[in-house]
Amino acid sequence: MTRMIMSGCILVTLLVMSIFSSVTVDRNCREIERSTENIWELYTSGDIQGAKDEASGLETRWEKIHGRYAVLVNNGRLNEMDRVISRIYYLVENDSRELHSELTELEHISKGLRAGETPKLMSIF
Amino acid sequence: MFVVLIRSLILYILVIFAVRLMGKRQLGELQPSELVITILISNIATLPIEDVNIPVIVGVTPILALVCFEVLMSGLTLKFPKFRRLVSGSPKIIIHNGIVDQKVMNELRFSVDDLVSAMRGKDVFDISKVQFAIVETNGSFSVMKKREDDMPKLSDIGIYVQNSDPPQLIVADGKMITPAIDFLGSSTEAVRKVLSGIGVKLEQVMIMTADSGGKCYIARKSGGSPYIIEGAKL
C-alpha cells in the first residue's frame, strides 16, 4: 500500500511539473515570437532605435530564461535559439539583409519548441 | 566527462530507487508487463548519460512514470482478477493426468523440444513420470510427478516431526540484527548471555544463527570450528 501511495504521489508530482513546464515554455515562446514580430515591424517602419531596443530586451529576457529551459528542454534547440537571438541586435544595427531570415528562423524554432512541449495530438504522435 | 560521471551516478541511484519501488516481485521471475518495464528503464536510463544535451529530467520523468504505472497496475491486478487475467494471462495446464494437451501446446506455441527441455529444467528426464504440469504466466514451468515416482515423505513412512521455522541470522560481522532477534521473540541481552556462556564476545562473532528451538550456530571471525549449541535460552 505504501508503494502505491508513493507511486501516486510521484505521478501527481510529475504531472504538476509537466504542466508547469508546458505552461512556462508556451508563455515564454509566445513572448519571443511577439518580440520578433515587433522587431520586424519597427525595423520596416524605419524605427531602427526602437528595433534595437526591442532586440536588446529580447536578448536580456532570453538570458534570464535560458538557464531554466536547459533543465527542461533538449539543449540542441536552445543552442540554435541562443545563436540566432545573439545576432539580431547586430543585424538590426548594421541594417543587414539577413535580419528577416534570422527572425523567421527564430520564430520557427520557437514554434517548434512550443509544439514539442504542448500535449496536442500531433505533437504526441 | 565529469558531467557524464555525475549523470551516471544520478541515473544509477534513480534506477535502484525505481527497482526498489517496484518491490520484490521485480527481483524474482518477471510477468510480461514487468519485463517490458525492465527493458524500457534500462534503455531510457542510458539516454541522458550518453548525450549531455539531453536534460536529466528527460530521463528521470519516463523512468519514474513507468515505474509508478507498473506499481499502480500491479495494485489494480491484485484487486480485480479479471484485469489481472487481461494483463498477465492465466496459467495453462499442459499435462493433466499424465496426458499432454496438444491443444494447449499449440496455443502456447510450445514445441515438443520446448516441453522436453522445460521438463529437464525441473530434473524430470522421463515424461511418463509427470502427473501434472502447468505453464505459468511468466513462462516458467511447474511440474508435479506421479506419486509412485516422487520422493517419499516422512509422513508416508509414518514419521511425524514438529514443524519449525528456519534458523534466523541474528549476528552478522559482530553486529546484532535486531529484527531477526525480535522475530524469534528473544532479546539482545539473551543473545549476549548465550555468547558469554561459551566465552565469545559479540565483536568476535562472524555469523550467529538461531532457531525457535534454541539451536544456535556460532562461527568466529578468527576461524576455527563453529559452536553448535542445542537448547539455548533465547
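All figures in this text were calculated on a predicted structure; none of them were measured in a lab. Residue numbering restarts at 1 for every chain, and letters A, B, ... go by the order of the sequence lines.
Neither the backbone nor the side chain of B:Val60 comes within contact range of chain A, judged by heavy atoms closer than 4.5 Å. Using a 4.5 Å cut-off between heavy atoms, B:Val71 touches chain A through backbone and side chain atoms alike.
B:Thr77 places a side-chain N or O within 3.5 Å of a backbone atom of B:Ser74 that can act as its donor or acceptor partner.
Residues of residues 35-54 of chain A never come closer than 4.5 Å to chain B when only heavy atoms are counted.
In this structure, a donor-acceptor pair under 3.5 Å is absent between the side chains of B:Asp114 and B:Ser117. If you check the side chains of A:Ser86 and A:Glu59, you find no donor sitting under 3.5 Å from an acceptor.
Note on B:Ile57, B:Ile54, B:Val58: by heavy-atom pairs under 4.5 Å with chain A, the leading option is B:Ile57.
Residues passing the side-chain contact (heavy atoms from CB on, under 4.5 Å) test with B:Pro62, sequence neighbours excluded: B:Ile44.
Looking at A:Tyr69 and A:Val25, their side chains come closer than 4.5 Å, going by heavy atoms from C-beta outward. Side-chain contact between A:Arg87 and A:Glu98 is present, with at least one heavy-atom pair separated by less than 4.5 Å. Under the 4.5 Å side-chain criterion, counting only non-hydrogen atoms from C-beta, A:Met81 is in contact with A:Ile32.
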